[in-house]
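The structure appears right after this line, and notes come after that.
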Amino acid sequence: MAARFNPLEADARWQKVWEEQGTFHASGDGARPRAYVLEMFPYPSGRIHIGHVRNYVMGDVLARYKRMNGFDVLHPMGWDAFGMPAENAAMEKKVHPGEWTWSNIDTMRAQLKLMGLAIDWTREFATCDPSYYGHEQALFLDLYEAGLVYRKQSEVNWDPVDMTVLANEQVIDGRGWRSGAPVERRKLSQWFLRITDFAEELLDGLGRLDQWPDKVRLMQENWIGKSQGLRFRFDLASVEAKERPSTGSGRTEGSLEAQSVRAEPVEALPSSFEVFTTRPDTIFGASFAAISPDHPIALVLAKDNDALTAFIAECKQGGTTAAELETAEKKGFDTGIRVIHPLDPDWSLPLYVANFVLMDYGTGAIFGCPAHDQRDLDFARKYGLAVTRVVAPSPEEADEPIGDEAYSGPGRLVNSRFLDGLTAEDAIREVIARAEAEGWGEGTTVWRLRDWGVSRQRYWGTPIPIVHCDACGPVAVPRDQLPVVLPEDIDFETPGNPLDRHPTWSKVDCPDCGGAARRETDTLDTFVDSSWYFIRFASQPGDAPFGRAEAERWLPVDQYIGGVEHAILHLLYARFWTRALRRIGKLDVEEPFRGLFTQGMVTHVTFQDADGKWLTPEEAESHSGPVTRGRIEKMSKSKRNTVDPEPIVDQYGADAVRWFMLSDSPPERDLEWSEAGIQGSWRFVQRIWRLAAEEAERGTSTWLGDGEDPAVDRKAHRTIAAVGANIESLAFNKAVANLYELTNALEKAPASPSRSRAVEILIRLAAPMVPHLAEEAWAAMGREGLIARAEWPAADPALLVEEEVTIAVQVNGKLRDTLTAPKGAAREALEEMALASEKVARILEGKAPRKVIVVPDRLVNVVS
RNA sequence: GCCCCCGUGGCGGAAUUGGUAGACGCGCUCGACUCAAAAUCGAGUUCCGCAAGGAGUGCCGGUUCGACUCCGGCCGGGGGCACCA
């Protein structure tokens, strides 16, 4: 038997055996319980980097562990293959996005296979394949027919020079990334999915996802953003230099819906509009009302008001991101109109158009209470509006002036007429009750969540299966004409969507009337692709997106693993899509992912030369000029600090790389890459090998040694329990430490049958992490079959029980001594032993302790 | 700006979730083996101190017999913010 494990030879050999034997095929025959382990599928960006390896190795350990525990494991792999980088490559390298993508897939598949992942490759697919996206188009039409898809105007980033839509990522400091022109917001008619119809159940469902990290559930909860509040009506009081429309009525009591002017464009100025507030208690602190620049009233007023038109145009500058909108300077335009306070007909407030009021949230209109909202306060100070305190933490502070900071804390109402003295909560209820009784408003729920805009003005995505006909409007592409396939002959010479410019692709006959019509040239958001791929992995018939019964047997995914950066969008969209399929009767699965684990990034040092040019670590080492060692950052192509696993695997073998990825850093936290670590892992792989080789040479059928070694037995069985528990909770770094401890103990232990058994246990426990080594050792020790299919050892409960425990002896909470006691010793006995300690006696100086706290099997704390 | 997370030796981290802080690994030091090196093995390694002892989990304060753990306030770093995936 070789003195060293040689991965360069062994890795490929075992990978071939696994492949030939179909070791990792999910059978789905129902003979064993099922487990579905899934890592977020990769975008084929070029080559695998070490961050991918970390992600897939984690899932792999769990998948192999589950298989050893008797599960029929589904552990698939595919490619999230549509996206912008392929189009960028097309522009820069003059290569077709498809060609670029498929070639990346080939490279990355080969690289992943080098890692020895226990994947069922028979289920692999790429989302850019018509055999995938055609089914996606069918699902889109299902949702369309169910009324869950609609079209509306929505804003995009517009590059006025390149005349093209920009992704948020393509807007750098408010400018187009290629043209450098200041970006504007422009309205476009786009397709939306009604995720807001599911807001309540998506929020509700979070409560039952008990195998999700709390922080992800909290983030989704905040994202969905349920707010209770009051929606109420402001009547317009006067319109300066403008005749007020005489109508004013037409509304019926209590029917605010009929009165709503929220989204509908209007021709003439209405007599009233609605605002929404979560703080109706502060209504007597109101000092202004404000509407969004997109509000119908603003648009009507702008028709013959050039200054307002200019102001609205000014508000359109800049991109669409929340960060940009919210950090923009708060600006307002006084319309000259005044609105009547709902609780006092003699009190009127100025009406502003303000850039910070979002048309998408609530009613697109607000009332401002500067004393208790920081944004309103800033606005009031800027425009010289009144600031009246209406909530005070104590009666003495009722007239305490508000400085630069709004008061958002608790307290009771002041300066608020009939509300004075009430708590804020009671005042909220009181105002809502009064509004409802008097008919000027009603308590309501609003959501921060907006509908999901899925239109993208890009080529490399799933074509939206709709035809636009002048006579019939938007018409669904008939099912028998799916998939709508992307044209191959396209050009990326000019910016914008090549589908738009294609001479023939979009020209089709209307499926309804047969007249000349035009294909939708927008493609679907790539988040749609990733919202159902896990269903397709479970079941992939040729003639349907999935087979319902088969998919329902595998789903939900038992353990989903991926980057925390997907905590909101991808995970929320996938949850929505799954629920939408349930609602339309296609798939009876409530939640797609039962268990979720969000892992940290792999980081690495960065280097720059004197000119600020980024250098790879290798370049930095051999660079002639001065080199600055930069921050440790997330691996990215642009910072040139990515680490390609392939040369490292070539040098150390897959197992050392796998082991290193699992060591040290807790998986949910970032891991800093270092070569020093990988050498340690290499050494460990060899240490296990030496133990196995030694036992193999000794020959386990004729175990030598001087009999049993109970300490080794106990250590081995405690390790079984600990490693199992730690793998199940994905605490791989702790499982690694457990295996190090066992290895250390076995290296020191003299030969014995116990030790021989323990070495075999060690090999089995390590198998999910270092599978090639484990197979090699398994074979060398003369075991039958593959260790990949061997059983996980069972821990003997009798060997897990401790007989003696070390008790900490504290005086006033400080450790002064320790003592050894039998497990389960009585409190009195422990107290007596502790007080007998010389060290304790010395500190007590003969005085009697005031109190003694005993925690059985743990500690005694003497309080003096 | 808003939401979320993280902060422990020279470094990565552990601590049964309020009960002996620093398991395990990396690095380093000393020693063994070697002509030498690599590999391997042994001992040591939070800080101050010869020691006794003292200090110590980003900072300040609080709760508790007892706080890395809970609470309040700060500082620093990271992720997400709806067209990056």
Side-chain angles (χ1 to χ4, degrees), chain A residues 3-4 40 42-43 45 80 82-85 156-157 165-171 190 195 213-216 218-223 225 319-328 330 356 360 374-375 448-458 525-527 529-530 563-570 572-573 598 600-601 603 631 633-634 660 663-666 668-672 674 676-681 683-684 686-687 690 731 733-734 736-741 744 747 806-818 849-853 855 858-864:
Chain A
R4 272 205 181 191
M40 292 178 186
Y43 178 78
S45 54
D80 188 14
F82 276 136
M84 266 196 331
V156 293
N157 299 307
V165 176
L166 297 177
N168 286 334
E169 193 189 46
Q170 298 171 317
V171 179
Q190 309 203 65
I195 189 172
D214 288 342
K215 66 167 178 174
V216 174
L218 188 57
M219 281 193 271
Q220 292 215 351
E221 187 182 323
N222 290 334
W223 185 262
T320 58
T321 65
E324 216 173 326
L325 296 176
E326 283 170 41
T327 53
K330 308 289 177 279
F356 60 85
D360 288 326
Q374 191 60 42
R375 196 186 51 193
R448 208 185 76 96
L449 183 68
R450 305 199 300 262
D451 275 334
W452 176 13
V454 293
S455 296
R456 297 292 180 273
Q457 295 69 42
R458 270 187 268 289
D525 181 3
T526 57
F527 275 126
D529 309 338
S530 53
V564 68
E565 66 273 18
H566 294 294
I568 297 173
L569 293 179
H570 161 58
L572 191 63
Y573 290 147
T598 54
M601 301 174 300
T603 59
R631 294 197 313 159
E633 290 191 71
K634 176 181 178 172
F660 177 62
S663 305
D664 295 349
S665 273
E668 69 277 9
R669 227 184 280 176
D670 292 350
L671 164 64
E672 191 197 336
S674 83
I678 188 72
Q679 281 167 22
S681 297
R683 282 200 292 272
F684 181 71
Q686 296 302 341
R687 282 171 67 193
R690 277 195 298 276
N733 57 322
K734 295 184 214 170
V736 161
N738 299 146
L739 291 174
Y740 269 117
E741 283 194 57
N744 289 344
E747 283 173 345
T806 306
I807 305 287
V809 179
Q810 299 179 336
V811 177
N812 296 329
K814 276 196 187 294
L815 182 72
R816 295 298 176 182
D817 202 358
T818 59
R850 279 200 295 148
K851 193 172 169 187
V852 179
I853 285 145
V855 182
R858 287 225 150 272
L859 63 70
V860 179
N861 186 15
V862 179
V863 184
S864 67

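Worth knowing before you read on, the calculation uses all heavy atoms, side chains too, and leaves out hydrogens, waters and symmetry mates. To find a chain, count down the sequence lines: A is the first, B the second, and so on, and within it residues start at 1.
Across all strands, A/Ser530 comes closer than 4.0 Å to no nucleic acid atom at all (heavy-atom distances). Heavy atoms of A/Arg375 sit nowhere under 4.0 angstrom from any nucleic acid atom. Looking at heavy-atom distances under 4.0 Å, A/Gln457 makes contact with a base. Nucleic acid contact for A/Pro666: sugar-phosphate only, since backbone atoms but no base atoms lie under 4.0 Å from a heavy atom of the residue. A/Thr818 comes within 4.0 angstrom of a nucleotide base, judged by non-hydrogen atoms across all strands. Using a 4.0 Å heavy-atom criterion, one finds that A/Val171 contacts no nucleic acid atom at all. Residue-level contact check: A/Phe684 touches neither bases nor backbone, having no heavy atom under 4.0 Å from any strand. Across all strands, A/Leu218 comes closer than 4.0 Å only to sugar-phosphate atoms, never to a base (heavy-atom distances). A/Asp670 comes within 4.0 angstrom of sugar-phosphate atoms only, judged by non-hydrogen atoms across all strands, and of no base. Using a 4.0 Å heavy-atom criterion, one finds that A/Ser681 contacts no nucleic acid atom at all.
Interatomic distance, A/Arg450 CZ to A/Ile195 CD1, rounded to the nearest 0.5 Å: 11.5 Å. Between atom OG1 of residue A/Thr320 and atom CG of residue A/Asn168 there is a gap of 4.0 Å, rounded to the nearest 0.5 Å. Atom-to-atom distance recorded for A/Glu747:CD and A/Arg687:CZ is 4.0 Å, nearest 0.5 angstrom. Atom-to-atom distance recorded for A/Phe527:CZ and A/Leu572:CG is 10.5 Å, nearest 0.5 angstrom. Separation of atoms CG (A/Leu218) and CH2 (A/Trp223) is listed at 14.0 Å; rounding is to 0.5 Å.
Atom C1' of nucleotide B/C2 and atom CG of A/Asn222 are separated by 10 Å, given to the nearest angstrom. One can place CD of A/Glu741 at 12 Å from P of B/A15, the figure rounded to the nearest angstrom. The distance from atom OH of A/Tyr740 to atom P of B/A14 is 15 Å, rounded to the nearest whole Å. The CG atom of A/Asn738 sits 12 Å away from the P atom of B/A14 (whole-angstrom rounding). Atom CD in A/Glu668 sits roughly 13 Å away from atom P in B/C5 (whole-Å rounding). When the C1' atom of B/C83 is taken as reference, atom CG of A/Leu325 falls 14 Å away, rounded to whole Å. One can place CG of A/Asp817 at 15 Å from C1' of B/G53, the figure rounded to the nearest angstrom. A straight line from CG of A/Leu859 to C1' of B/A21 spans 14 Å, rounded to a whole angstrom.
Nucleotides B/A23 and B/G12 place their C1' atoms 13 Å apart, quoted to the nearest Å. Remark: the separation of the P atoms in B/A21 and B/C33 is 40 Å, to the nearest Å. The gap from the C1' atom of B/G22 to that of B/A14 amounts to 7 Å, rounded to the nearest Å. B/G58 and B/C65 have their C1' atoms separated by 27 Å, given to the nearest Å. The separation of B/C26 from B/U40, taken at their P atoms, amounts to 10 Å, rounded to a whole angstrom. B/C28 and B/G19 have their C1' atoms separated by 33 Å, with the value rounded to a whole Å. Taking atom C1' in both B/G72 and B/C24, the straight-line distance is 36 Å, to the nearest Å. Straight-line distance between the P atoms of B/C68 and B/U20: roughly 10 Å, to the nearest whole Å.
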Please tabulate, one pair per line, each protein N/O and nucleotide N/O from nucleotides 79-82 of chain B that are separated by under 3.5 Å, including the distance.
from: B/A82; atom 1: OP2; to: A/Ala322; atom 2: N; distance (Å): 3.1
from: B/A82; atom 1: O5'; to: A/Asn168; atom 2: ND2; distance (Å): 3.4
from: B/A82; atom 1: N6; to: A/Arg448; atom 2: O; distance (Å): 3.0
from: B/A82; atom 1: N1; to: A/Arg450; atom 2: N; distance (Å): 3.0

Extract from the structure each pairing of a protein N or O with an N or O of nucleotides 63-67 of chain B at less than 3.5 Å, listing the distance.
from: B/C65; atom 1: O2'; to: A/Asn861; atom 2: ND2; distance (Å): 3.3
from: B/C65; atom 1: O2; to: A/Asn861; atom 2: ND2; distance (Å): 2.6

So which protein nitrogen or oxygen atoms get under 3.5 Å of nucleotides 40-48 of chain B's nitrogens or oxygens?
none

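Counting heavy atoms from C-beta outward, A/Gln457 and A/Gln190 have side chains that approach closer than 4.5 Å. Between A/Arg816 and A/Val862, the closest side-chain pair of non-hydrogen atoms is not below 4.5 Å. By the 4.5 Å heavy-atom criterion applied to side chains, A/Asp670 and A/Ser665 are not counted as neighbours. The closest side-chain heavy-atom distance from A/Val863 to A/Asn812 is below 4.5 Å. Contact annotation: the side chain of A/Thr526 never approaches that of A/Tyr43 to less than 4.5 Å [non-hydrogen atoms, C-beta and beyond].
In this structure, the nucleotide among B/A55, B/U20, B/C6 sitting nearest to the side chain of A/Leu815 is B/U20. Looking at the side chain of A/Met84, the nearest of the listed nucleotides B/A14, B/C24, B/A85 is B/A85.
Of all non-hydrogen atoms in A/Met219 and A/Ala567, the two that sit nearest each other are CE-CB, 3.6 Å. The heavy-atom pair separating A/Phe684 from A/Leu739 by the smallest distance is CZ-O, 4.1 Å. Closest of all the heavy-atom pairs between A/Val852 and A/Val860 is CG1-CG1, 3.6 Å. Heavy atoms only, all atoms of each residue included: A/Ala167 and A/Met84 are closest at CB-SD, 3.7 Å. For the residue pair A/Val171 and A/Glu324, the shortest heavy atom distance occurs at CG1-OE1, 4.4 Å.
With sequence neighbours left out, A/Thr598 forms a side-chain contact (heavy atoms from CB on, under 4.5 Å) with A/Pro213, A/Lys215, A/Val216, A/Val564, A/Leu596. Residues satisfying the side-chain contact (heavy atoms from CB on, under 4.5 Å) test with A/Arg375, not counting sequence neighbours, are A/Lys330, A/Phe356, A/Ile366, A/Asp373.
Side-chain N/O atoms of A/Gln220 and base N/O atoms of B/C4 include no donor-acceptor pair closer than 3.5 Å.
Between A/Gly680 and A/Glu169, it is A/Gly680 whose nearest contact on RNA chain B lies nearer the 5' terminus.
Considering only side-chain N and O atoms, A/Arg669 lies under 4.0 angstrom from the phosphate OP1 or OP2 of B/G7.
Its glycosidic angle being more than 90° from 0, B/G54 falls on the anti side.
Among the duplex regions that RNA chain B forms, those built from at least three successive Watson-Crick or G-U pairs under 3.5 Å are B:1-7 with B:75-81, B:10-12 with B:24-26, B:27-32 with B:40-45, B:46-48 with B:53-55, B:58-62 with B:70-74, ordered by first number.
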